[in-house]
Amino acid sequence: MGDSVDQRWVPLSDGNSIPILGLGTCSLDKPIKGETVKAVKAGIEIGYRHFDGAFMYGNEDEVGEAIRAKIADGTVKREDIFYTSKLWMTYLSPALVRKGLEHTLKSLKLDYIDLYLIHWPMGLKPSEDVLFPEDASGKILQSDVDFCETWAVMESCKDAGLVRSIGVSNFNHKQLEMLLRMPKLKYKPVCNQVECHPYLNQNKLLKYCKSNNIILVAYSPLGSSQDPRWFDPNNPIVLNDPELRKIGEKHNKTAAQIALRYQIQRDIVVIPKSFNLGRMKQNKKIFDFQLSDEEVKAIDGINKNCRYITLKQLIDHPKYPFHDEY
């Protein structure tokens, strides 16, 4: 038994909804010119309607170009596409929030964004062009900006119609709690986008989010890139896991398809990143089968609390989110 089409969209607490499967557009290197346009166009042609981007990725102009081209040729309407962007750490000061959003809208050449997230709870020294401002000795310059103040401006951006929904990324449960307890909170975050895969299943954070009607969105749902600059070679590789492969053989699916199916059965939105057409197609084929409760439990059992994305260079930041257990 698979999912019916209407189960592929998940309702958000503000009345909007989000496709449960999206395509990540992050590029670790400076993207090759035209590569993102080609990938996003191909994604739309094979049926993706949810695209996850960010100011930090440096390719939102190309994402926008691809979306506008597929609207112009009649493949989709703007309302068919769900686009997420993120406010970078150097824009967290309340005076810069709207500027950061407008920068993204200008790059995309779109009138609104479907979902806008605070990328990290940590502020860096305000800057509009340097991602990691440094002092003369190469130390990253931090800012103690209060993300609750950032959130209040995010709310005004929603009221202005520039974004449909607002949420956060990389927040731990205590940081989410700080937002939820804001005295003048107008809109609570609709989601928390975090690293989540079978080796970091985020069960505690998921339970907390569900109890507060906050959707969990999983980035790196298949583990992380094995690029040595980002990936510790001592880390285990999720897709080589024997349990995932064994369950995959039973369903005639790949380990990646099993890992993605595991998430959507837990009501987690997944945004695997691939610009490879074959893998993009393969990652979509997760709605025609179902994992049994025993299989979900078996995958729960391979959790290692293994985090690939740690942003270690900011480990001394007072708002570094990963000192907490969840």
Side-chain angles (χ1 to χ4, degrees), residues 9 12 16-19 21-91 96-120 127-131 153-154 156-169 190-191 193 217 219 269-277 280 283-284:
W9 286 71
L12 299 170
N16 296 320
S17 53
I18 184 171
L21 173 68
L23 185 72
T25 63
C26 175
S27 188
L28 292 178
D29 297 308
K30 190 150 180 61
I32 299 161
K33 193 162 171 50
E35 181 187 49
T36 304
V37 178
K38 196 175 155 196
V40 173
K41 277 185 180 175
I44 292 172
E45 280 156 16
I46 61 176
Y48 283 90
R49 294 296 178 261
H50 172 186
F51 296 89
D52 182 84
F55 169 77
M56 191 251 180
Y57 305 160
N59 58 356
E60 289 194 302
D61 55 336
E62 293 205 6
V63 175
E65 187 185 325
I67 291 171
R68 293 191 324 273
K70 297 321 286 176
I71 292 170
D73 73 9
T75 307
V76 286
K77 298 186 181 78
R78 171 64 186 95
E79 57 269 26
D80 299 329
I81 297 291
F82 189 100
Y83 182 68
T84 300
S85 186
K86 307 178 193 85
L87 180 75
W88 185 241
M89 292 186 271
T90 54
Y91 281 90
L96 284 181
V97 174
R98 183 149 173 167
K99 205 173 248 191
L101 172 55
E102 285 169 348
H103 187 293
T104 280
L105 286 167
K106 195 176 167 189
S107 295
L108 293 163
K109 296 191 176 72
L110 295 175
D111 296 332
Y112 67 90
I113 293 167
D114 297 274
L115 175 61
Y116 200 48
L117 310 179
I118 298 179
H119 205 152
W120 290 86
S127 167
E128 291 182 43
D129 46 9
V130 181
L131 290 174
V153 188
M154 296 277 285
S156 71
C157 291
K158 176 174 163 67
D159 283 336
L162 300 176
V163 297
R164 296 281 165 95
S165 297
I166 49 176
V168 296
S169 179
V190 295
C191 72
Q193 185 183 122
V217 179
Y219 69 73
V269 173
V270 282
I271 43 170
K273 188 265 164 172
S274 180
F275 282 1
N276 172 297
L277 189 62
M280 281 158 68
N283 290 343
K284 273 193 90 262

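Everything quoted here is computed from the prediction, not taken from an experiment. Heavy-atom basis, side chains included; hydrogens, waters and symmetry copies ignored.
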(message) I want to check something: taking the side chain as every heavy atom from C-beta on, are Ile113 and Arg164 in contact at a cut-off of under 4.5 Å?
(response) no
(request) May I ask you to decide if Val37's main-chain N or O and Glu65's side chain share a donor-acceptor pair within less than 3.5 Å? (result) no
(message) Do the side chains of Lys106 and Asp61 get close enough for a salt bridge, i.e. N-O under 4.0 angstrom?
(response) no
(message) If you compare all heavy atoms of Gly22 against all heavy atoms of Tyr48, which two are closest, and at what distance to 0.1 Å?
(response) O-CE2, 3.8 Å
(request) Find out whether Val190 and Ile166 are in side-chain contact, i.e. whether some heavy atom of one side chain is under 4.5 Å from a heavy atom of the other. (result) no
(message) With a 3.5 Å distance limit and no angle check, can you tell me whether Trp88 reaches the backbone of Leu131 through a side-chain donor-acceptor pair?
(response) yes
(message) Tell me the closest heavy-atom pair linking Ala54 and Ser85, and the distance in Å.
(response) CA-OG, 3.8 Å
(request) Return yes when atom NE2 of His103 has more than 12 non-hydrogen atoms of other residues, nucleotides or ligands closer than 6.0 Å, and no otherwise. (result) no
(message) Quick one: does any side-chain atom of Asn283 pair with a main-chain N or O of Met280 as donor and acceptor, under 3.5 Å?
(response) no
(message) Working to the nearest 0.5 angstrom, can you tell me the gap between Thr90 OG1 and Leu96 CG?
(response) 7.5 Å
(request) Please step through side chain to side chain contact (heavy atoms under 4.5 Å, CB included) for the pair Ile46 and Leu277, ending with a clear verdict. (result) CA-CA 9 Å; Ile46 61 176; Leu277 189 62; 4.3 Å; yes
(request) Check whether any side-chain heavy atom of Leu115 lies under 4.5 Å from a side-chain heavy atom of Val163, and answer yes or no. (result) no
(request) Decide yes or no for Arg49 and Val76: does some side-chain heavy atom of the first lie under 4.5 Å from some side-chain heavy atom of the second? (result) yes
(message) Less than 4.5 Å apart, side chain to side chain, heavy atoms only: is that true for His119 and Met89?
(response) no
(message) I need the minimum non-hydrogen distance between Tyr112 and Gly161, along with the two atoms involved.
(response) CB-O, 3.6 Å
(request) Would you check if Glu62 and Lys38 make a side-chain contact, meaning some heavy-atom pair closer than 4.5 Å? (result) no
(request) State, without any angle test, whether Thr75 and Asp73 hold a side-chain donor-acceptor pair at a distance under 3.5 Å. (result) yes
(message) What I want to find out is whether Arg98 reaches Glu102 closely enough, with some N-O distance under 4.0 Å, to be called a salt bridge.
(response) yes
(message) What I'd like to find out is whether the side chain of Leu21 reaches to under 4.5 Å of the side chain of Lys284, using heavy atoms alone.
(response) yes
(message) Check Arg78 with Asp114, please: is the shortest side-chain N to carboxylate O separation under 4.0 Å?
(response) yes
(request) Ignoring hydrogens and angles, state whether a donor on the side chain of Tyr57 or Lys86 is under 3.5 Å from an acceptor on the partner side chain. (result) yes
(message) Working note: Thr84 + Leu117, criterion side chain to side chain contact (heavy atoms under 4.5 Å, CB included); need CA distance, chi angles, decisive distance, verdict.
(response) CA-CA 8 Å; Thr84 300; Leu117 310 179; 3.9 Å; yes
(message) Between Glu45 and Lys70 (salt bridge meaning N to carboxylate O under 4.0 Å), is one present in this structure?
(response) yes
(message) Looking only at the side chains, is there a donor atom on one of Asp52 and Gln193 sitting less than 3.5 Å from an acceptor on the other?
(response) yes
(message) Using every non-hydrogen atom in the two residues, find where Phe82 and Ser17 come nearest and quote the distance to one decimal.
(response) CE1-O, 3.3 Å
(message) If I take atom CD from residue Glu79 and atom CD1 from residue Ile71, how far apart are they, to the nearest 0.5 angstrom?
(response) 8.5 Å
(request) I would like to know whether Phe51 and Val40 meet side chain to side chain contact (heavy atoms under 4.5 Å, CB included); could you show each step before the answer? (result) CA-CA 8 Å; Phe51 296 89; Val40 173; 3.9 Å; yes
(message) So, taking the atom named CG in Leu23 and the one named CD1 in Ile44, what distance separates them when rounded to the nearest 0.5 Å?
(response) 9.5 Å
(message) Test your reading of the model: is there a side-chain donor-acceptor pair from Asn59 to the backbone of Thr25, 3.5 Å cut-off?
(response) yes
(request) Could you tell me whether the side chains of Tyr83 and Glu60 share a donor-acceptor contact shorter than 3.5 Å? (result) yes
(message) Could you tell me if the side chain of Tyr219 sits less than 4.5 Å from the side chain of Val270, heavy atoms only?
(response) no
(message) Minimum heavy-atom separation for Val97 and Leu87, please, with both atom names.
(response) O-CD1, 3.8 Å
(message) Walk me through whether Leu101 and Tyr91 qualify under side chain to side chain contact (heavy atoms under 4.5 Å, CB included).
(response) CA-CA 9 Å; Leu101 172 55; Tyr91 281 90; over 6 Å; no
